[in-house]
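Worth knowing before you read on, the calculation uses all heavy atoms, side chains too, and leaves out hydrogens, waters and symmetry mates. The structure presented is a predicted model; accordingly, all values stated were derived computationally and were not measured. All residue numbers refer to positions in the sequence shown, counting from 1.
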Amino acid sequence: MIIAIDGPAAAGKGTLARRIADALGYAHLDTGALYRAVGLGVRRAGQDPADAAAALAAAQTLDPAGLTDPALREEETGKAASIVSAHPAVRAALLDFQREFAQSPPHGAAGAVIEGRDIGTVVCPDADVKLFIEADLEVRAARRLAELQQQDPSLRLDEVRAEMAERDQRDRNRADSPLRPAPDAHLLDTTDLDIDGAFLAAMKVIGGHEE
Ligand code: DC
């Protein structure tokens, strides 16, 4: 059983995907963390994320098991991730790992919940259930600010909103695997939902599929 969850930044994909995976006993993969690790690798090497060769080198040396660095969650890393993820060679380098995870989830789990931007369209076009999570920019920016302010209380909403709008724009308009709902995805708008509400709505879709 493969559940694909896509959507823009801070729409609530991560929390939702973890919760669904916990409830069903499935494995969970946050593919954004893979791209963030590539972006962070490039930053740490003092190179430019727009440099395709530098980004590919970081993707080829990526250890998907070691994605615990707190710097992965920084906004600067999210931006670098969005830039490196536009290079087709970087996407190709990360594809096998993601598909393998979906086909043979670790620890013998009976299913996988995989979240990202192109899971339902490119990574797992045959996923059993596809969810596309959306929320208004204003609400997403406020959610992300609340998360980021734990590290940096000086951050402002307008900065986070502008950064996020730019990142979504880049993710939606790139030529290779842009952010977009698969034709058979269920759209779930979490603007007016808290996490419990989003979880219940998602489980309804998943339950409907199983019947
Ligand atoms: O989900 P996130 O914010 O951690 O993702 C960071 C960036 O990685 C996102 O802006 C675009 C890229 N990404 C991608 O291109 N494809 C994915 N499947 C997941 C993330």
Side-chain angles (χ1 to χ4, degrees), residues 1-36 78 81-82 85-86 91 94-95 98-99 101-102 105 110-147 157 160-211:
M1 173 84 169
I2 300 173
I3 300 176
I5 304 188
D6 292 301
K13 301 186 300 292
T15 317
L16 185 61
R18 261 183 215 96
R19 213 150 140 189
I20 294 170
D22 282 352
L24 299 175
Y26 291 176
H28 165 243
L29 179 64
D30 168 10
T31 64
L34 302 173
Y35 290 97
R36 283 173 179 267
S82 171
S85 72
R91 305 201 70 84
L94 300 182
L95 199 53
Q98 297 173 77
R99 287 196 174 144
F101 190 102
V113 183
I114 308 193
E115 53 158 304
R117 302 290 188 289
D118 63 335
I119 309 306
T121 50
V122 175
V123 177
C124 301
D126 298 327
D128 300 277
V129 179
K130 299 179 185 179
L131 293 168
F132 194 86
I133 314 298
E134 293 179 288
D136 288 352
L137 176 65
E138 204 57 37
V139 168
R140 292 189 287 119
R143 287 179 189 161
R144 181 51 54 87
L145 181 71
E147 263 169 46
L157 181 65
V160 174
R161 190 202 298 119
E163 189 68 47
M164 190 175 277
E166 189 188 314
R167 185 142 73 90
D168 287 344
Q169 181 83 351
R170 195 184 298 113
D171 295 346
R172 286 195 166 102
N173 293 318
R174 68 181 174 222
D176 186 358
S177 314
L179 166 67
R180 74 163 65 115
D184 52 346
H186 298 265
L187 302 186
L188 178 57
D189 191 319
T190 68
T191 304
D192 298 316
L193 293 178
D194 60 9
I195 174 61
D196 288 339
F199 174 69
L200 287 175
M203 289 306 280
K204 223 175 188 172
V205 173
I206 295 166
H209 168 85
E210 281 169 344
E211 274 159 20

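Side-chain contact between Asp168 and Arg140: present, with at least one pair of heavy atoms (C-beta onward) separated by less than 4.5 Å. Under the 4.5 Å side-chain criterion, counting only non-hydrogen atoms from C-beta, Lys130 is not in contact with Thr121. Here the side chains of Gln98 and Ile119 are in contact, with some heavy-atom distance below 4.5 Å. Proximity of Leu24 to Val113: side-chain heavy atoms (C-beta onward) are nowhere separated by under 4.5 Å. In this structure, Leu179 and Pro8 have side chains that are in contact, with non-hydrogen atoms separated by less than 4.5 Å.
In terms of modelled atom types and a separation under 3.5 Å, the side chain of Arg117 and the main chain of Pro178 share no donor-acceptor contact. Of the possible donor and acceptor atoms, none in the side chain of Asp136 sits under 3.5 Å from a partner among the backbone N and O of Glu138. In terms of modelled atom types and a separation under 3.5 Å, the side chain of Arg180 and the main chain of Arg172 share no donor-acceptor contact. Looking only at distances, a side-chain donor or acceptor of Asp194 sits under 3.5 Å from a matching main-chain atom of Gly197. In this structure, Thr190 contributes its side chain and Ala135 its backbone to no donor-acceptor pair below 3.5 Å. Proximity of a side-chain donor or acceptor of Asp6 to a complementary backbone N or O of Gly120 within less than 3.5 Å is detected. Looking at Asp128, its side chain does come within 3.5 Å of a backbone N or O of Ile2 through a donor-acceptor pair. Between the Lys13 side chain and the Gly7 main chain, a donor and an acceptor come within less than 3.5 Å of each other.
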Test side chain to side chain contact (heavy atoms under 4.5 Å, CB included) applied to Val123 and Thr31, step by step: CA-CA 10 Å; Val123 177; Thr31 64; 6.0 Å; no
Step-by-step side chain to side chain contact (heavy atoms under 4.5 Å, CB included) determination, Ile206 to Met203: CA-CA 5 Å; Ile206 295 166; Met203 289 306 280; 4.1 Å; yes
Verdict with supporting geometry, Glu115 and Leu16, side chain to side chain contact (heavy atoms under 4.5 Å, CB included): CA-CA 9 Å; Glu115 53 158 304; Leu16 185 61; over 6 Å; no
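With no hydrogens or angles considered, a side-chain donor-acceptor pair links Arg174 and Ser85 at under 3.5 Å. For the residue pair Thr15 and Arg143, no side-chain donor N or O sits within less than 3.5 Å of a side-chain acceptor on the partner. Ser82 and Arg170 share a donor-acceptor pair across their side chains, judged by distance under 3.5 Å alone.
Partner Ile133 forms a side-chain contact (heavy atoms from CB on, under 4.5 Å) with one of Asp189, Leu187, Leu193, Leu188 and no other, that one being Leu188.
Of all non-hydrogen atoms in Ala202 and Leu131, the two that sit nearest each other are CB-CD1, 3.9 Å. Here the closest heavy-atom approach between residue Phe199 and residue Ala23 is recorded as CZ-CB, 3.8 Å. Taking every heavy atom of both residues into account, Gly111 and Tyr26 meet most closely at O-CB, 3.3 Å. The heavy-atom pair separating Pro105 from Ala102 by the smallest distance is CD-O, 3.8 Å.
To the nearest 0.5 Å, the span separating OG1 on Thr191 from CG on Leu137 amounts to 10.0 Å. Considering CZ of Arg161 and CE of Met164, their distance stands at 10.5 Å, rounded to 0.5 Å. Leu34 contributes atom CG, which lies 11.0 Å from atom CG of Leu95 (distance to the nearest 0.5 angstrom). Taken to the nearest 0.5 Å, the CD1 atom of Ile20 stands 12.0 Å off from the CZ atom of Arg18.
The 12-atom threshold is exceeded at CG of Asn173, counting heavy atoms of other residues, nucleotides or ligands nearer than 6.0 Å.
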